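The structure displayed is predicted, hence computed values, not measured ones. Proteins come first, then strands; the chains are lettered A, B, ... in the order of their sequence lines, and each starts at number 1.
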Protein chains: 2
Amino acid sequence: MGDRTTGIGHEVLAAVLQVRQGTLRVLLWQRALEPHSGRWSLPGGALPADEDVETSIRRQLAEKVDLGQVSHVEQLAVFSAVDRVPGPRVIGTAFLCLVPSHLDPEVPEDTSWHPLADLPATAFDHRAIALRARDRLRAKLSYTNIGFALAPPAFTISALRELYSGALGYRVSATNLQRVLTRRGLLEPTGSTTKPGPAGGRPAAQFRFADSRMAVTDAFAVLKPPADQR
Amino acid sequence: MGDRTTGIGHEVLAAVLQVRQGTLRVLLWQRALEPHSGRWSLPGGALPADEDVETSIRRQLAEKVDLGQVSHVEQLAVFSAVDRVPGPRVIGTAFLCLVPSHLDPEVPEDTSWHPLADLPATAFDHRAIALRARDRLRAKLSYTNIGFALAPPAFTISALRELYSGALGYRVSATNLQRVLTRRGLLEPTGSTTKPGPAGGRPAAQFRFADSRMAVTDAFAVLKPPADQR
DNA sequence: CCAGGTTTTCGCCTTAGAATCGAAAACATG
DNA sequence: CATGTTTTCGATTCTAAGGCGAAAACCTGG
């Protein structure tokens, strides 16, 4: 503690996820330089001396990849295998970042969105990081309102259903989704409705998330405190 | 990435939790040197160049604090505020570690177990780390079998109930606890029973956890895939 | 204006899992 | 053997989610 620590580098990495065209995707850029030239990697970079990891990843995302509209950022895990990158040792702190589905942020030439179900050849341990981010998102979708970070400010139940289906990787019922979220008090109607598409159909009511802060809906899903202590 | 990263120190810290005398406690040692002399802090130390963070925290725990019997170790979070420790900057990776309740490991003179509900003056950001560890444990008790790491190899339902009550901070029903864990297939009877105490009573059956690997019992508690896709 | 098609919405019923309660079982002691 | 104590088990209630189908609200084409 008081001892001098060793000279290990530190970087921050972002797994930026978004549901695009019905599938969950991650933003990757293609490396131009060795090592691992041509492979795909997560955005991020070295941690400056005057920033904590969260400040740093937010700044680097906003600057480099032109994402002012990241709706959620949370720490994922530390990746610290000694040989995770060639050359001098670098420890990486990875983040899960989310972008609402209605945005199409401008990204540099050498970046693109890749489906998490079918990742290309990735550099270093970035594949494992991206998959870990996906798993975290999927788990949290069920017991938090993290869905707000994937959705536009207002949306129909059908649209929300597609988002959840895309992120989770399986069909979810619109009926049940609405009932579950409503019961939790997370969903509230905006009052307005959308016009039906060219094929007709009943106009859909618009909803929004009641509170756009991340909230754990049921911290203790199973062993709840007794009724009189709640 | 290829760039030289800055010379930031890195340490690993352990929040070692155990249920003792019915309450959840954390192992702290009292600092003898400045800064923060006299205050209580978490065990840990600098990360060597040739170890990943998990290997390092395991070794340091086993060596320094004489805990060969830590039953569970998992990454908690990175604490990276620039001024989290005085002097040269140090980033800390914190771990949640658990010790089964039947063990009383030998610990150095200047360490002792403190209830998380009533922590003494702590050094640096160690109080926040310890509380975060507590919260993580509590959340996981409800949707994983992490309880195995708090319990002896064999135990009665009453003993397990006390463990859960101590860790969660509220009374849980022995009946319900048994049924929930049994339904999940986590609990199996050993066959043997304990002798009643001096006050008499029916002898209690002994149980063990069916599988002592950490398992998430219901990853998606709420929005499950449809029955035919499970 | 009406028939047929499409999408959304709502209500009802079923299922799953957990909380609560109380009685019975199995021991001790005096 | 009566009484007290602790554990165990079953029955019932409660809460929340899943599944299904009908009704509502719009479209288009004849």
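- Between D/dA17 and A/Arg179, no contact under 4.0 Å exists linking OP1 or OP2 to a side-chain N or O.
- Contacts of A/Ala205 with the nucleic acid, taken as non-hydrogen atoms under 4.0 Å apart, involve only primed sugar atoms and P, OP1 or OP2.
- In terms of position along DNA chain C, the nucleotide closest to B/Thr175 lies nearer the 5' end than the nucleotide closest to the other residue of the pair B/Thr175 and B/Gly200.
- In this structure, A/Phe79 CZ and B/Gln75 CD are separated by 7.5 Å, a value rounded to the nearest 0.5 Å.
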Could you list the protein-to-nucleotides 24-26 of chain C atom pairs, N/O on both sides, closer than 3.5 Å?
from, atom 1, to, atom 2, distance (Å)
C/dA25, O4', B/Arg202, NH1, 3.4
C/dA25, N3, B/Arg202, NH1, 3.4
C/dA26, N3, B/Arg202, N, 3.3

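- Straight-line distance from the NZ atom of A/Lys195 to the C1' atom of C/dT6: 18 Å, rounded to whole Å.
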Identify every side-chain donor-acceptor pair in residues 191-208 of chain A under 3.5 Å, counting partners at least two apart or on other chains, and give the distances.
from, atom 1, to, atom 2, distance (Å)
A/Ser192, OG, A/Thr190, OG1, 3.1
A/Thr194, OG1, A/Ala204, O, 3.3
A/Arg208, NE, A/Glu188, OE2, 3.0

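- Considering only heavy atoms from C-beta on, B/Leu119 comes within 4.5 Å of B/Val26 through its side chain.
- A straight line from CD of B/Gln206 to C1' of D/dT8 spans 15 Å, rounded to a whole angstrom.
- Spacing between atom CG of A/Leu186 and atom P of D/dA17 amounts to 10 Å, rounded to whole angstrom units.
- In this structure, the CZ atom of B/Arg183 is 15 Å from the P atom of D/dC9, given to the nearest Å.
- Between the CD atom of A/Gln178 and the C1' atom of C/dG11 there is a distance of 12 Å, given to the nearest Å.
- The aromatic rings of B/Phe155 and B/Phe209 sit tilted, their planes meeting at an angle between 30° and 60°.
- Atoms CD1 and CZ, from A/Ile146 and A/Arg138 in turn, are 13.5 Å apart once rounded to the nearest 0.5 Å.
- Put simply, CG on A/Asn145 and NZ on A/Lys140 are 10.0 Å apart, with the number rounded to the nearest 0.5 Å.
- Across the interface with DNA chain D, nearest-nucleotide mapping of B/Phe207 and A/Gly197 shows B/Phe207 to be the residue nearer the 5′ end.
- With rounding to the nearest 0.5 Å, the separation of CG in A/Leu61 from CD in A/Glu63 is 10.0 Å.
- Atom CG in A/Leu160 sits 9.5 Å away from atom OG in A/Ser165 (nearest 0.5 Å).
- Contacts of residues 153-163 of chain A with DNA chain D (heavy atom under 4.0 Å): none.
- Screening B/Leu42, B/Val53, B/Leu76, B/Val16 for a side chain to side chain contact (heavy atoms under 4.5 Å, CB included) involving B/Phe95 leaves a single residue, B/Val53.
- Atom CZ in B/Arg171 sits about 13 Å away from atom P in C/dT20, given to the nearest Å.
- The distance from atom CZ of B/Arg184 to atom P of C/dA16 is 16 Å, rounded to the nearest whole Å.
- One can place CG of B/Leu177 at 14 Å from C1' of D/dT8, the figure rounded to the nearest angstrom.
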